[in-house]
Student: 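Dumping the structure here so I can ask a few things about it.
Predicted model, so just to flag it, every value in this text is computed and none were measured. Numbers for residues simply follow the sequence, beginning at 1.
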Amino acid sequence: MNSIACLILEDTISDQLDIELILQHYPMIDATYVNTPKSFLAAIKENDYQLYFMDIHVSSDITGVDLLASVRNTSAWVILNSSYLSDEYYEEYKKIDCRKYCISKPLNQFSVRTILDELVTQTTKNNSLGNSTEFIMVKQGDYLHKINIDSILYFESSGHLVYIKTKDAKYATYGSLKHYESLIQGKTFEKINRNVIINLLFVQKINIKEDFIEIDNSCFSLSRIQKKEFIEKFDRLILK
């Protein structure tokens, strides 16, 4: 199977060794270790990771929870760990879109391996399906609609509904934006804020100053956090 890229933020050698001993059972997990917020941010700028081990208390100024806001891959799995778990992090923690687990130190090997086993199983299934999905099935009312992914202009979530706009129609279906995000991995889509994923091929205008994108004569806000990465990806696509 393809390797699973893993980034580990841990500033204590003994805790790094605990993680390393667990990962010895998972040769398919390709681990990178960092020990400061600065090195973590530099690593995620250069590479995309499917798995993160995050020490909550890495410095006096910033926490592992704070750093998660910089992770772009919302389908990533995150194992947060600390010797001093506290409810004070919950409000920020619950906003993070990634699949999250919180574990006390010292790490319980059984708990961590249970999580990793599930990740490996899911990754194996996804790899067996490949990235050749060309259609998605969308339930609307009593009907299932078969929609060509390349015809989709954007996905927009609102409450418990996800709106899917194509060139010819607009569908409303119950579900999560994260579900559809996982189905379009490797395609020409980019998440521009918490509620909207757009097809870069259908962008009409980008307002750099006021941070909005026009597509299908509709305007969507562009998150300042994701602005730089979006512009770079859009430029690369256009210059191909």
Student: Tell me, please, which residues at least two apart from Tyr26 pass ring-ring contact (aromatic ring centres under 6.0 Å, His included).
Tutor: none
Student: Using salt bridge (Lys or Arg N to Asp or Glu O under 4.0 Å) as the criterion, list what pairs up with Arg194, not counting sequence neighbours.
Tutor: Asp97
Student: So which heavy atom on Gln50 is nearest to which on Ser3, and how close?
Tutor: OE1-O, 4.2 Å
Student: Where do Ser70 and Leu41 come nearest, in terms of heavy atoms and distance?
Tutor: OG-CD2, 3.6 Å
Student: Does Leu67 belong to the same Ile/Leu/Val/Met/Phe/Trp/Tyr cluster as Ile225, with side-chain heavy atoms less than 4.5 Å apart forming each link?
Tutor: no
Student: Can you tell me if Leu21 has over 12 outside heavy atoms packed within less than 6.0 Å of its CG?
Tutor: yes
Student: Check for me, please, whether Ile136 and Tyr171 land in the same ILVMFWY cluster - side-chain distances under 4.5 Å, paths through other members count.
Tutor: yes
Student: When you compare the side chain of Ile4 with that of Trp77, does any pair of heavy atoms fall below 4.5 Å?
Tutor: no
Student: Would you say that Phe230 contacts Ile192 through its side chain, given a criterion of any heavy-atom pair below 4.5 Å between the two side chains?
Tutor: yes
Student: Can you name the closest pair of heavy atoms from Ile44 and Val71 and give their distance?
Tutor: CD1-N, 4.4 Å
Student: Using 0.5 Å steps for rounding, measure from the CG atom of Asn35 to the CG atom of Asp55.
Tutor: 10.5 Å
Student: For His25, what residues pass the ring-ring contact (aromatic ring centres under 6.0 Å, His included) criterion, not counting sequence neighbours?
Tutor: none
Student: Same cluster or not: Phe53 versus Tyr101, using hydrophobic residues (I, L, V, M, F, W, Y) connected whenever any side-chain heavy atoms lie under 4.5 Å apart?
Tutor: yes
Student: Set out, in order, the CA-CA distance, both residues' side-chain angles and the distance that settles side-chain contact (heavy atoms from CB on, under 4.5 Å) for Leu177 and Lys191, then state yes or no.
Tutor: CA-CA 10 Å; Leu177 194 63; Lys191 191 171 186 179; 4.1 Å; yes
Student: How long is the straight-line distance from CD1 of Ile213 back to CD1 of Ile208, given to the nearest 0.5 Å?
Tutor: 8.5 Å
Student: Backbone N or O of Leu161 within a donor-acceptor pair of the Ser158 side chain at under 3.5 Å?
Tutor: no
Student: With distance as the sole test, does Asp66 use its side chain to make a donor-acceptor pair with the main-chain N or O of Thr63 at under 3.5 Å?
Tutor: yes
Student: Under a 4.0 Å N-O cut-off, is there an ion pair linking Glu134 with Lys187?
Tutor: yes
Student: Is there a side-chain contact between Ile19 and Val112, using heavy atoms and a 4.5 Å cut-off?
Tutor: no
Student: Using the ring pair (Phe, Tyr, Trp, His ring centres under 6.0 Å) rule, collect all pairs that involve residues 174-198, keeping only residues at least two apart or in two chains.
Tutor: Phe155-Tyr180, Phe155-Phe189
Student: Kindly indicate whether the side chain of Val138, heavy atoms from C-beta on, has any atom under 4.5 Å from the side chain of Val162.
Tutor: no
Student: Could I get the full list of side-chain contact (heavy atoms from CB on, under 4.5 Å) partners for Asn195, not counting sequence neighbours?
Tutor: Ser157, Asn193
Student: In chain order, what residues pass the side-chain contact (heavy atoms from CB on, under 4.5 Å) check against Ser182, with sequence neighbours excluded?
Tutor: none
Student: List in chain and number order the residues that pass side-chain contact (heavy atoms from CB on, under 4.5 Å) with Glu214, two or more places apart in sequence or in another chain; answer none if no residue qualifies.
Tutor: Gln204, Lys205, Asn217, Cys219
Student: Under the salt bridge (Lys or Arg N to Asp or Glu O under 4.0 Å) test, which residues partner Asp211, sequence neighbours left out?
Tutor: Arg224, Lys227
Student: Which atom pair, heavy atoms only, marks the closest approach of Leu80 to Gly64?
Tutor: CD2-C, 4.4 Å
Student: For Ile115 and Ile103, work out which heavy atoms get closest and say how close.
Tutor: CD1-CD1, 3.7 Å
Student: For the backbone of Ile152 and the side chain of Asn199, can you confirm whether one donor and one acceptor N or O come within less than 3.5 Å of each other?
Tutor: yes
Student: Sequence neighbours left out, what passes side chain to side chain donor-acceptor pair (under 3.5 Å) with Thr36? Give chain and number order.
Tutor: Ser39
Student: Are the side chain of Asn148 and the backbone of Asp150 linked by a donor-acceptor contact shorter than 3.5 Å?
Tutor: yes
Student: Quick check: does any side chain N or O of Thr12 sit under 3.5 Å from a backbone N or O of Ser14, one acting as donor and the other as acceptor?
Tutor: no
Student: Mind checking the CG-CD1 spacing from Leu200 to Ile215? Nearest 0.5 Å is all I need.
Tutor: 8.0 Å
Student: Mind jotting down which residue pairs meet the salt bridge (charged side-chain N to carboxylate O under 4.0 Å, His left out) criterion with at least one end in residues 14-43? Sequence neighbours excluded, please.
Tutor: Asp15-Lys105
Student: Going from CD1 on Ile79 to CG on Leu51, what distance comes out if it is rounded to the nearest 0.5 angstrom?
Tutor: 5.5 Å
Student: Not counting sequence neighbours, which residues clear side-chain contact (heavy atoms from CB on, under 4.5 Å) with Lys170? List them please.
Tutor: Tyr154, Tyr163, Lys165
Student: Could you tell me which residues satisfy salt bridge (Lys or Arg N to Asp or Glu O under 4.0 Å) with Glu156, sequence neighbours excluded, listed by chain and number?
Tutor: none
Student: Minimum heavy-atom separation for Leu23 to Ala31, with atom names?
Tutor: CD1-CB, 3.8 Å
Student: Would you say the side chain of Asn47 lies within less than 4.5 Å of the side chain of Thr32, judging by non-hydrogen atoms?
Tutor: no
Student: Are any of the side-chain heavy atoms of Tyr52 and Phe40 separated by less than 4.5 Å?
Tutor: yes
Student: Atom OG1 in Thr188, atom CG in Leu201: separation rounded to 0.5 Å?
Tutor: 3.5 Å
Student: About how many Å separate OG of Ser75 and CZ of Arg99, when rounded to the nearest 0.5 Å?
Tutor: 11.0 Å
Student: Does a side-chain heavy-atom distance below 4.5 Å link Thr123 with Met28?
Tutor: no
Student: Ignoring hydrogens and geometry, is there a side-chain-to-backbone donor-acceptor pair from Gln16 to Glu10 under 3.5 Å?
Tutor: yes
